[in-house]
Amino acid sequence: MTLPAATKYAVIGAGIHGLSTAYHLALQLKATGKGSGADILVIDKGAIGSGASGIACGVVRNNYYQPAMRELMAQSVEVWESDPKAYSYHPVGYMQISAEVMHEQVGTIYEQQKLIGYESEFIEGAADSQKYMMGLFDDWQAKGITSVLHEKRGGYANNTASLYGLAGKAEAEGVRIATGVEVKGFEFGSNSGAVTGVITDRGTIACETVVVGAGPWVLKFWDMLELPKAISVKGADGTMHDDVPMWKFWCLEEGTLGVDPDMHKTNDGRMPPVIHVDTDAPLYSDVDGSLITDKLWGLYYKPDFNFGGIQGGASPYKVDQDPDAVALDPYGPDSPDFIVGDDFIHTWCSMLAHCQKRFEGKISAYKYKEKSGGLGCFTPDNFPVFDTFRENVYVIADSNHGYKMIGVGKLVAQELIGEKSRLLEPFRFGRFAKGELHPTSNSPFPWS
Ligand SMILES: Cc1cc2nc3c(=O)[nH]c(=O)nc-3n(C[C@H](O)[C@H](O)[C@H](O)COP(=O)(O)OP(=O)(O)OC[C@H]3O[C@@H](n4cnc5c(N)ncnc54)[C@H](O)[C@@H]3O)c2cc1C
C-alpha cells in the first residue's frame, strides 16, 4: 500500500486496541457526520496480530476484584457478543475456583456482578464447591477449594481470527491498514506540544490525532513522546512514593497439552467454561510425586481447537531487568528469551492433573515443539492507562489486561469525537499522583 502523506487519525498498532478503535471510530465518525473510515490510517511494523493480541490465550471474563475493571469488562463482553462470528468468540462462560484466602473477595465480585446485571452463580463451602464441580466434571479433584464463581457470560475467542474479523470490519468502513511500516518518532508542533506528524521508516505522515495501541512496546512510544520514565505514586496510606518506574515487564507463561480438545467436555457432552483455579493446596508433580509448591498457585485452561488441545497458562513471572534493556523483539514465540521452558511444562501439567483425573499422566502429550509465552508491559499499579497526552495523542496502555477488552476501542472512539467516557475515567494517568489507585486482590496473578 502507498503510504498517504497525511491522515486525520493515525492509529499505531494493529492489535485488538488499534483495530477496535479504528473500526468503532469509523462507525462513530459516519454516524455523527464528522467523517468516515477514510480519515483513519492504522500503521503496524509487523502484520495484523503480530503483537500480544495475536498470541493471547483469548480468555474473556468479567472476574475482577476492581469495580472499575468489572464494569469495563462487562461493556467489552457486550461487544464480543455483538458479533460472535466475526470475532470468533465462544461464549462458554468462565469459572473462578478459589481457595479460602480468596473466598471473601470473590464473594464481593459476585455481589457486584449482581448489581451490574452480569449473570453469575456463586457456590460457597468446600462440600458444595466439590459437588458443583463434580456436576460438571465427574473427575474433578482439585483440593483446597471453598468457593466457585461461575460466570455465565464470557468465554474465549480465537486470537488471530478475531483480529482479522475486526480488521475486515474496519476496512469495510474505509479504514486503511498499512503493515510493515515502523514508527520511529514524532514531529511536534512549534507552538504546542501536540504531534503534527508520525515519522516512519517510509516517510513522515502528517496527522491531526494519534492513537497509540502498541501493546508491550508502549514504553518505546512513551519515550518517543518524551513522557516521564519515573513517576510519583501516592499509596493507599497517603504516602507519596517518588521515582517509581512507569513501566515493567512480566512474562506470560502459556502452553498447550496436545490431546483431543473433546476429552475436556462436561458430563453432559458440552464444551466447558474456561476454568481458572487458585489454590494453596500443596501441588505435587504428576511425574514423580515430589512437592512443587505449597504456596498459593493458579492456572487456567480451556479446550481449544484453534490451538489443537487443552490450552492455558499459570502465573506469570516478573522480568527482573531494566525495562529499557528487555529484548522485546523478536516477540512472542520467536523470542529466544521469553518463551516457556521445562519448569512451566512440568508445573502446568501437574496443575492440570491436580484438578482433573483425566489429565493425569498426560505430560508427554504437551506440545513441546510449539514455542509459547510472551511479554506484557505493566503500569505501576498493574492496571491500564487510557488517556490523552501532548494534546492529541491517545495512549491505550492496557497493562496486559487487554485482549478481552475489545470494547475499549469503542469507548476511546467516543472520546476521540468529543464525548467523555465514564467507564474510562478511573484509568487516567493522573490517578497515580492523586492516589486514586485500584484495590488489589489476594490472587496470585498481577491482573486480577
Ligand atoms: C502470552 C499472552 C497471553 C495473553 N492472554 C490473554 C487472554 O487470554 N486474555 C486477555 O484479555 N489478555 C491476554 N493477554 C494480554 C493481551 O494479549 C494484551 O493486553 C493485548 O493483546 C494488547 O493489545 P494491544 O492492541 O495493545 O497490543 P498488541 O496486540 O501487542 O499490538 C501492538 C502492535 O503494535 C505494533 N507496533 C509496536 N511497535 C511499533 C512501531 N514502532 N511501529 C509500528 N507498529 C508497532 C506491533 O507490531 C503490534 O502488532 C495475553 C498476553 C500474552 C503475552
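First listed ligand is number 1; within each ligand, the first listed atom is number 1.
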Considering only N or O atoms, set out every pair between ligand 1 and the protein closer than 3.5 Å, with distances to one decimal place.
| residue | atom | partner | partner atom | Å |
| --- | --- | --- | --- | --- |
| ligand 1 | 5 (N) | Cys57 | N | 3.2 |
| ligand 1 | 8 (O) | Gly58 | N | 2.9 |
| ligand 1 | 8 (O) | Val59 | N | 2.8 |
| ligand 1 | 9 (N) | Val59 | O | 3.1 |
| ligand 1 | 11 (O) | His401 | O | 3.2 |
| ligand 1 | 11 (O) | Tyr403 | N | 3.2 |
| ligand 1 | 11 (O) | Lys404 | N | 2.7 |
| ligand 1 | 11 (O) | Lys404 | NZ | 2.9 |
| ligand 1 | 12 (N) | Tyr403 | N | 3.3 |
| ligand 1 | 17 (O) | Ala52 | O | 3.3 |
| ligand 1 | 19 (O) | Asp398 | OD1 | 3.1 |
| ligand 1 | 19 (O) | Asp398 | OD2 | 2.6 |
| ligand 1 | 19 (O) | Gly402 | N | 2.9 |
| ligand 1 | 21 (O) | Ser53 | N | 3.1 |
| ligand 1 | 21 (O) | Ser53 | OG | 2.8 |
| ligand 1 | 23 (O) | Ser53 | OG | 3.2 |
| ligand 1 | 25 (O) | Ile16 | N | 3.2 |
| ligand 1 | 25 (O) | His17 | N | 3.1 |
| ligand 1 | 26 (O) | Gly215 | N | 3.3 |
| ligand 1 | 27 (O) | Gly215 | N | 3.3 |
| ligand 1 | 29 (O) | Ala52 | N | 3.4 |
| ligand 1 | 29 (O) | Ser53 | N | 2.8 |
| ligand 1 | 29 (O) | Ser53 | OG | 2.4 |
| ligand 1 | 30 (O) | Ala52 | N | 2.8 |
| ligand 1 | 41 (N) | Val183 | O | 3.0 |
| ligand 1 | 42 (N) | Val183 | N | 2.9 |
| ligand 1 | 44 (N) | Lys45 | N | 2.9 |
| ligand 1 | 47 (O) | Asp44 | OD1 | 2.7 |
| ligand 1 | 47 (O) | Ser50 | OG | 3.4 |
| ligand 1 | 49 (O) | Asp44 | OD1 | 3.3 |
| ligand 1 | 49 (O) | Asp44 | OD2 | 2.6 |
| ligand 1 | 49 (O) | Ser50 | OG | 3.4 |
| ligand 1 | 49 (O) | Gly51 | N | 3.4 |

(message) Quick check: His264 with Tyr301 (ring centres under 6.0 Å apart)?
(response) yes
(request) Would you check if there is a donor-acceptor pair between the side chains of His17 and Asp398 at a distance under 3.5 Å? (result) yes
(request) Kindly write out the residues that satisfy salt bridge (Lys or Arg N to Asp or Glu O under 4.0 Å) with Lys45, not counting sequence neighbours, or none if the list is empty. (result) Asp329
(request) Using the six-membered ring of Phe427, assess whether NZ or CZ of Arg431 lies under 6.0 Å from its centre and within 45 degrees of the ring axis. (result) no
(message) Applying the side-chain hydrogen bond (donor to acceptor under 3.5 Å, both in side chains) criterion to Tyr64, which one of Gln96, Glu71, His401, Gln113 satisfies it?
(response) His401
(message) Taking the ring centre of each residue, are Phe338 and Phe249 less than 6.0 Å apart?
(response) no
